[in-house]
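Numbers restart at 1 for each chain; the letters A, B, ... are given by sequence-line order, proteins then strands.
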Protein chains: 2
Amino acid sequence: MKKKEHKECTSALLPVRDTLDVIGGKWKLLILISIWEGNKHFREIERSIPKLSTKVLSKELKDLEANQLITRAVLNGFPVRTEYKPTQHSKTLKKVILELHNWGINHRKQIFSDKSEKDNLSVV
Amino acid sequence: MKKKEHKECTSALLPVRDTLDVIGGKWKLLILISIWEGNKHFREIERSIPKLSTKVLSKELKDLEANQLITRAVLNGFPVRTEYKPTQHSKTLKKVILELHNWGINHRKQIFSDKSEKDNLSVV
DNA sequence: CGGTATCCATAGGGATACTG
DNA sequence: CAGTATCCCTATGGATACCG
């Protein structure tokens with residue numbers, strides 16, 4: 001029955017939700033990419049991403065660490081320095097990101113190709 | 001240099017952002033799935049998704065329509081009835097969703113398996 | 001039925017200052 | 001340097017009532 005199907009589908013949706021929670025939001029991917037690129041330190045990452053505040057960066061880094069996409073190490077010395085690095089696990093995301101990328105490209109084509117017939121399409 | 005690379009990466013991120021905007025959020029996929037399942041009418045969709053308010057559904061349907069994932073048709077008669085249907089374009093999302101699904105499954109394994117050790121983060 | 005309009009609560013984000 | 005703490009503010013969402 002329809003209801004049952006819907007229940008099945010929406011529970012099958014849970015892992016999808018998980019993934020979206022992990023990489024969704026305004027900053028997560030930007031930060032991850034910054035770290036992939038080799039930025040290691042808090043300020044360094046912060047500077048590499050315009051408009052990103054320390055509070056948000058701090059929170060996002062914790063999330064990324066909790067999801068084992070990055071590691072955090074505190075180095076000896078003064079002033080304190082920390083080092084963030086991507087994990088192997090984080091690299092499994094690249095395929096997903098590629099898929100999202102491809103669909104996004106294709107979606108734009110779709111939206112714009114149809115523009116000739118319908119002017120008033122407010123898009124994305 | 002690093003800055004340039006980051007610019008390149010983040011601009012390559014735009015299509016990814018587009019995709020996340022299209023399917024992200026709390027309700028978009030639930031609504032799309034409901035429609036994929038054959039629910040066509042406003043109330044019908046609303047009832048199929050617990051906790052979804054009319055205001056939000058209304059907005060989300062507009063977004064989905066703007067992104068050409070669904071079509072909206074107003075049927076003759078009284079009271080008014082509308083009919084929402086999935087587009088062909090919407091079906092191209094299924095592959096993306098599958099990818100998100102698979103990663104989500106895998107991610108859970110990763111998170112739960114790794115309690116003991118910190119390194120060895122190899123996953124698929 | 002298929003929505004808008006309205007009011008209100010809340011979470012989250014920006015800016016800034018501050019601590020170890 | 002690496003963050004917390006604080007204040008503030010707006011965007012979103014729930015609940016409800018109402019209109020064509």
Choose from D:dC7, C:dC1, D:dG13 the nucleotide whose nearest atom is closest to any side-chain atom of B:Val56.
-> D:dG13
Let me know the distance between CG of A:Leu57 and P of C:dA15, rounded to the nearest Å.
-> 14 Å
NZ-CD distance between B:Lys51 and B:Glu46, expressed to the nearest 0.5 angstrom | 13.0 Å
Answer with base, sugar-phosphate or nothing: what part of the nucleic acid does B:Arg43 contact at a heavy-atom distance below 4.0 Å?
-> base
Please confirm whether the backbone N or O of A:Gly104 pairs with a side-chain atom of B:Thr19, one donor and one acceptor, at under 3.5 Å?
-> yes
Pairwise distance CG(B:Leu29) to OG(B:Ser34) - rounded to 0.5 angstrom | 12.0 Å
Between A:Val80 and A:Glu60, whichever has its closest DNA chain C nucleotide further toward 5' is A:Glu60
Once you round it to whole Å, what is the distance between C1' of D:dG14 and CG of B:Leu52?
-> 11 Å
Give the nucleotide from the list D:dC7, C:dC7, D:dA2 with an atom nearest to the side chain of B:Lys55.
-> C:dC7
Hey, can you tell me if B:Tyr84 and B:Phe42 have their rings parallel, tilted or perpendicular (30° and 60° cut-offs)?
-> tilted
In numerical order, the residues of residues 22-30 of chain A whose heavy atoms come under 4.0 Å of DNA chain C are A:Lys26, A:Trp27
Taking OP1 and OP2 of C:dG2, is either one under 4.0 Å from a side-chain nitrogen or oxygen of B:His41?
-> yes
Just how far is it from atom CD of B:Glu44 to atom CD1 of B:Ile49, taken to the nearest 0.5 Å?
-> 11.0 Å
B:Lys51 vs D:dA15: side-chain N/O to OP1/OP2 distance below 4.0 Å | no
B:Lys95 atom NZ, neighbour heavy-atom count above 12 within 6.0 Å = no
Rounded to the nearest angstrom, tell me the gap between atom CZ in A:Arg47 and atom C1' in D:dG3.
-> 15 Å
Can a side chain N or O of A:Arg72 be found less than 4.0 Å away from OP1 or OP2 on D:dG3?
-> yes
Sugar-phosphate only, base, or nothing, as touched by A:Thr54 at under 4.0 Å among non-hydrogen atoms | base
Under-4.0 Å side-chain N/O to phosphate OP1/OP2 contact, A:Tyr84 with D:dG3 = yes
Can you tell me how far P of C:dA15 sits from CD of A:Glu46, to the nearest Å?
-> 11 Å
Whole Å only: how far is the CZ atom of A:Phe42 from the P atom of C:dG20?
-> 17 Å
Could you tell me whether the phosphate oxygens of C:dT4, OP1 or OP2, come under 4.0 Å of any side-chain nitrogen or oxygen in B:Ser58?
-> yes
Taking OP1 and OP2 of C:dG3, is either one under 4.0 Å from a side-chain nitrogen or oxygen of B:Thr82?
-> yes
Which value, rounded to the nearest 0.5 Å, describes the distance between B:Leu69 atom CG and A:Gln110 atom CD?
-> 9.0 Å
Taking atom C1' of D:dA15 as reference, at what distance in whole Å does atom NZ of B:Lys59 sit?
-> 18 Å
Side-chain contact test, heavy atoms from C-beta onward, threshold under 4.5 Å: evaluate it for A:Ile35 versus A:Leu61 and give yes or no.
-> yes
Whole-Å distance, B:Asp21 CG to D:dA11 P, equals 17 Å
Pick base, sugar-phosphate or nothing for A:Lys62, based on heavy-atom distances below 4.0 Å to the nucleic acid.
-> sugar-phosphate
Mind calculating the distance between CD1 (A:Ile45) and P (D:dC1) to the nearest angstrom?
-> 13 Å
